[in-house]
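Let me begin by presenting the structure, written as C-alpha cells, before commenting on it.
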Amino acid sequence: MLLSIKNLHASINGKEILKGIDLDVNQGEVHAIMGPNGTGKSTLASVIAGREVFDVTSGEVIYKGRNLLKLAVEERAREGIFLGFQYPVEIPGVSITNFMRTAVNEVRKFKGLDPLGGGAFLKLMEEKKKLVELTSNLANRSVNEGFSGGEKKKNEIFQMAMLEPTLAILDETDSGLDIDALRVVANGVNKLRTKDNAFMVITHYQRLLDYIIPDFVHVLFEGKIVKSGSKELALELEEKGYDWIRKEQRDNGIAG
Amino acid sequence: MRYRMQDTGYGMRDTGCRMTAQVKMHESRSAGMSILVWNGIGIRFFPTFVSDPRIEKICVTKQVLEYLNDLSLQGQLVIMESDPDNIINEVTQSDYKYGFVTEIETEYAPIGLSEDTVRYISLKKNEPEFMLEYRLKAFRHWLTMKVPEWAHLDIPPIDFQDIYFYAAPKKKKQYESLDQVDPELLATFDKLGISLEEQKKLAGVAVDAVIDSVSVKTTFSETLSKYGIIFCSMSEAIQNHPDLVKQYLGSVVPYTDNYYASLNSAVFSDGSFCYIPKGVRCPVELSTYFRINAANTGQFERTLIVADEGAYVSYMEGCTAPQRDENQLHAAVVEIVAMKDASVKYSTVQNWYPGDKSGKGGIYNFVTKRGICKGSNSKISWTQVETGSAITWKYPSCILLGDNSVGEFYSVAVTNNHQQADTGTKMLHLGKNTKSTIISKGISAGKSNNSYRGLVRISRNAANSRNYSQCDSLLLGSACGAHTWPYIQVENKSSIVEHEATTSKISEDQLFYCQQRGMDAESAIGLIVNGYAKEVLKQLPMEFAVEAQKLLSISLEGSVG
C-alpha cells in the first residue's frame with residue numbers, strides 16, 4: 001500500500017477540522033475526494049503535505065511503510081508527494097525555469113543522482129511542456145506572478161510532470177478553469193498516470209471527473225469520509241447534490 | 001570534454017578548475033583585466049582574456065559557466081553539453097570562504113598614526129613632493145575632525161594608534177617567471193579565483209608576476225595602451241602620470257570631505273587608477289580585487305577613474321579578508337570623473353569578513369564613493385552587492401553637474417547575525433534635465449540592522465530633472481531591523497521626484513510552496529531572496545552576477561529555524 005491514513009484528527013488554532021479520516025491508497029489508483037465547502041478537503045491535502053499550521057492531534061499516516069507525520073515538508077516532497085495548490089503563491093523575480101531546476105535537482109540529490117546540467121534540464125523541460133500542452137512562454141516568467149487562474153493551474157500540472165511524484169494531490173485544480181483549460185489539466189493527469197503512482201483529486205464538481213476517471217470516489221463531510229464508492233457515486237452526487245449527504249447524515253444522527 | 005552552445009556555435013573546453021571558452025564577441029562585456037590590491041598595497045595585473053579581433057578566448061570559472069546556463073534558460077543563450085558530469089558543482093558552503101591567511105613576510109610601518117607615519121608611507125612609495133603635501137594637509141585637517149555619529153550604527157571607538165597603516169609583502173624583487181613567485185601567494189590567487197598559473201597556460205604567453213607595485217607587461221596592457229587607456233596602480237600613476245593625478249585626485253572627494261575620507265587622503269597606500277581617453281570605449285572589463293591579509297592593519301585604498309569625452313568603461317571591484325577575532329578598518333575613497341558624453345559603470349561585490357555569528361571580529365567598511373558627471377550627457381552607474389563587513393557606512397553618490405546627465409544607484413545590502421549597514425546614495429542634481437534612478441534592496445536577517453539613507457537634491461537650476469527611487473526592505477525573522485531614511489530636497493517646480501518604499505517578509509506561503517517542491521528552507525530563502533534582488537543583480541557584469549547570487553544565499557544561511 002502506498003498511503004494509509006488511520007483515524008486522522010487535525011486542528012488549526014484549537015479548532016478541529018479533520019475528525020477521524022480513514023483512507024487507503026494503492027499505486028495505480030486515482031481517488032476523487034468530494035464534498036461541500038469547508039468540510040476539510042484542503043486541510044487533508046495540507047496535512048499530508050506537512051503544512052505546519054495544522055496540528056495532528058491523533059491518528060497515523062503511513063506512506064511507503066514509513067510514518068509520514070515524522071517527515072519534514074521537503075522530505076515528503078522528495079519522497080514523491082506532490083501538492084497541486086488551490087491558490088499557488090507568487091514568487092517575484094524567480095523564473096519558473098530557475099525554480100524548477102532548483103526543485104528537480106534537490107529531488108535528484110536526495111535520490112543520489114547528479115544534478116541535471118543546463119542542456120539536459122532544458123530538454124526535460126521542453127519534453128514536459130509538450131506533454132502537458134504548455135504552449136505559452138510561461139517558463140520565462142516569474143513563478144505565478146501575474147498569471148491568470150488558468151495559467152497558474154497549468155503551471156501546477158507542469159511542475160507535477162517535471163517532478164514525477166508517486167502520490168499527487170490536486171487540491172481543487174479545476175476550480176476557476178474554463179472548459180479548455182480543464183481539458184488540458186485533465187489530459188496532463190491522464191498522461192502522467194502509471195501503474196506505479198497514485199492521485200488524489202480534490203474537487204467540488206463532477207465535471208473534472210468526466211475527464212479524469214477515478215477508481216474511487218470519497219465524500220468528505222464535516223471532517224470525515226462519510227461515503228465511498230466507484231465513479232458512479234460522483235454522478236449520483238451531481239444529480240442529488242450535497243444536501244443528499246447532509247440529509248443522510250442527519251438521518252443517521254451524526255451531524256446537523 | 002567539449003561543450004557546445006547552440007545558436008551561436010560557441011565552443012568550450014574544460015581546463016581543470018577553470019574553463020576556456022572560445023566565444024565570438026558580440027560585445028566586450030565578459031572580457032576582463034584585473035588588479036589585486038593586497039593589504040592596500042601592491043598591484044598585479046592578470047589578463048583574464050587574450051584578444052584577437054574576432055575570436056576571444058575567455059577564461060571563465062565554473063560559476064560563470066553555470067551563469068551562462070542560467071542565461072540560456074532565460075532564452076538568451078543556450079549551452080548544450082555532451083557530458084553533464086561536472087559542469088555544475090554545488091559551491092554553497094556556510095562558512096566564510098575567504099577567511100584564510102597567507103603566510104607572507106610583510107613589512108610594516110611603525111604602528112599607530114602621526115605625521116611620521118604619513119611621511120613614512122610617502123617615502124616608501126617614493127612619491128613626489130606634491131603628494132606628501134597633499135597627505136600632510138589631509139592629516140592635519142583630519143586631526144581637527146570628529147568621528148561622524150549621525151548614522152544608525154553602533155560603532156565601537158577605534159584606536160588609531162593600534163593600527164598598522166602600511167603593510168606590504170616584503171620581497172622586493174622582480175620575477176622573471178612564475179616559478180620564482182612565492183608559492184603561498186600563488187596559492188592565494190588560486191583561492192581567490194585568479195590563477196596566474198592558468199592564465200599563463202591559457203594565454204600561451206609569458207605573464208610576468210611582479211610583487212610590489214611594479215606593473216607587468218602583458219598582452220593585455222598592451223592592448224589597452226593601444227587605445228591610450230591607462231590602467232595601473234595608484235602608486236604607478238603618481239610616478240608616471242603625476243599631472244593627471246594632480247588634476248583629478250581629490251577633485252570629487254576633497255581631503256576635507258569627511259572624517260574617513262580625510263584619513264584616507266593622508267594614509268592611502270595604493271589603489272587603482274584608470275584613464276580612458278576621448279572617444280574610447282574600453283574593450284574589456286577592468287577589475288580590482290581588494291584583499292586585506294595582515295593582522296592589525298587598516299586598508300586605505302584610493303581609486304580614481306577618469307572617463308574623458310565620449311569614453312566608456314565598466315569597472316568591477318571585489319573584496320575579501322581573512323577571518324579574525326579583532327575588527328579591522330577599511331576606509332577607501334573612490335572618485336569618478338565623467339566628462340561630456342562619457343559613461344562609467346562601477347560594480348562592487350563587497351564580501352569583507354562580516355564577523356562570526358556572535359558578532360566578534362569583522363571589517364569596518366567606511367567608504368566614500370562619489371562620481372561627478374561633469375559634462376553634458378554623461379552617465380555614472382553604481383551597482384553594489386554588499387554582503388560582508390561587520391559595519392558598512394557607504395553612500396556611492398553622483399553629482400549631476402552636466403546637463404542631461406544621468407546617475408544610477410543599484411544596491412543590494414544583506415545583513416545577517418550582528419552585522420550593521422547604513423548605506424545608500426546621494427543624487428545631487430545641478431544640471432538641467434538630469435535624471436537619477438535609485439533601486440535599493442535591503443535584506444536583514446538574524447539580529448542585524450540594515451538602513452537605507454539616501455539624499456535626492458534637485459537644485460534651483462536643475463530644471464526638468466527627474467528622480468525615481470525605490471527602496472525595498474525584506475525582513476527574515478523578527479530580531480532584525482530595516483530602516484529607510486530618504487532625504488528629498490527639490491528647489492524648482494519643473495522637476496519630478498518619485499519615492500517608493502516597501503517593507504516585506506518572506507511569507508509562510510512562499511516558503512511552504514518551495515519546500516513542497518523539495519527545497520529545504522535555506523535554499524528556498526536563497527531562491528526567494530535572489531528573485532527579490534534580481535532587478536539589481538541583472539545590472540552586474542556576468543562574472544560578478546554569479547558570485548553575487550551565491551553570496552546572497554550563503555550570507556543568509558542559518559538565518560531560519
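In what follows, chains carry the letters A, B, and so on, assigned in the order in which the sequence lines appear, proteins first and then strands, with residues in each chain numbered from 1.
- Scanning both residues, B:Ala501 and B:Asp472, for their nearest heavy atoms gives C-OD1, 4.3 Å.
- Side-chain atoms of B:Glu408 and B:Ser381 form a donor-acceptor pair, as typed in the model, at a separation below 3.5 Å.
- Rounded to the nearest 0.5 Å, atoms CD1 (B:Ile439) and OG (B:Ser411) are 10.5 Å apart.
- Taking the charged nitrogens against the carboxylate oxygens, A:Lys129 and A:Glu126 do have a contact shorter than 4.0 Å, which makes a salt bridge.
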*So A:Ile212 and A:Phe199, side chain to side chain contact (heavy atoms under 4.5 Å, CB included) or not? Walk me through it.*
CA-CA 10 Å; A:Ile212 302 172; A:Phe199 290 83; over 6 Å; no
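- Near-neighbour residues of residues 160-170 of chain A relative to chain B, defined by a heavy atom under 4.5 Å from a heavy atom of that chain, comprise A:Leu163.
- Contacts between A:Asn144 and chain B at a heavy-atom distance below 4.5 Å involve the side chain alone, from C-beta outward.
- Looking only at atom types and distance, the side chain of A:Asp174 has no donor-acceptor partner in the side chain of A:His204 under 3.5 Å away.
- A distance of 9.0 Å separates SG of B:Cys480 from CG of B:Leu474, quoted to the nearest 0.5 Å.
- Between chain A and the residues B:Gln516, B:Glu535, B:Glu508, B:Gln515, the largest count of heavy-atom pairs under 4.5 Å involves B:Gln516.
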*With side chain to side chain contact (heavy atoms under 4.5 Å, CB included) as the test, would you mind laying out the steps for A:Asn26 and A:Leu2 before giving the verdict?*
CA-CA 5 Å; A:Asn26 289 299; A:Leu2 184 62; 5.8 Å; no
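- Note that OG1 of A:Thr203 is 5.0 Å distant from CG of A:Leu208, once rounded to the nearest 0.5 Å.
- Contact residues of residues 43-69 of chain A toward chain B are A:Ala49, A:Gly50, A:Arg51 (heavy-atom distance under 4.5 Å).
- Judged purely by distance below 3.5 Å, without hydrogens or angles, the side chains of B:Ser523 and A:Glu106 pair a donor atom with an acceptor atom.
- Residues from residues 82-94 of chain A that place a non-hydrogen atom less than 4.5 Å from a non-hydrogen atom of chain B comprise A:Phe82, A:Leu83, A:Phe85, A:Pro88, A:Val89, A:Glu90, A:Ile91, A:Pro92, A:Gly93, A:Val94, given in numerical order.
- For residues 90-116 of chain A, every residue pair satisfying the ring pair (Phe, Tyr, Trp, His ring centres under 6.0 Å) rule, not counting sequence neighbours, is listed here: A:Phe99-B:Tyr513.
- With hydrogens and angles left out, the side-chain atoms of A:Ser4 and A:Asp24 include a donor and acceptor closer than 3.5 Å.
- Atom CZ of residue A:Arg101 and atom OG1 of residue A:Thr97 lie 9.5 Å apart, to the nearest 0.5 angstrom.
- Atom NZ of A:Lys130 has 12 or fewer neighbouring heavy atoms from other residues, nucleotides or ligands inside a 6.0 Å radius.
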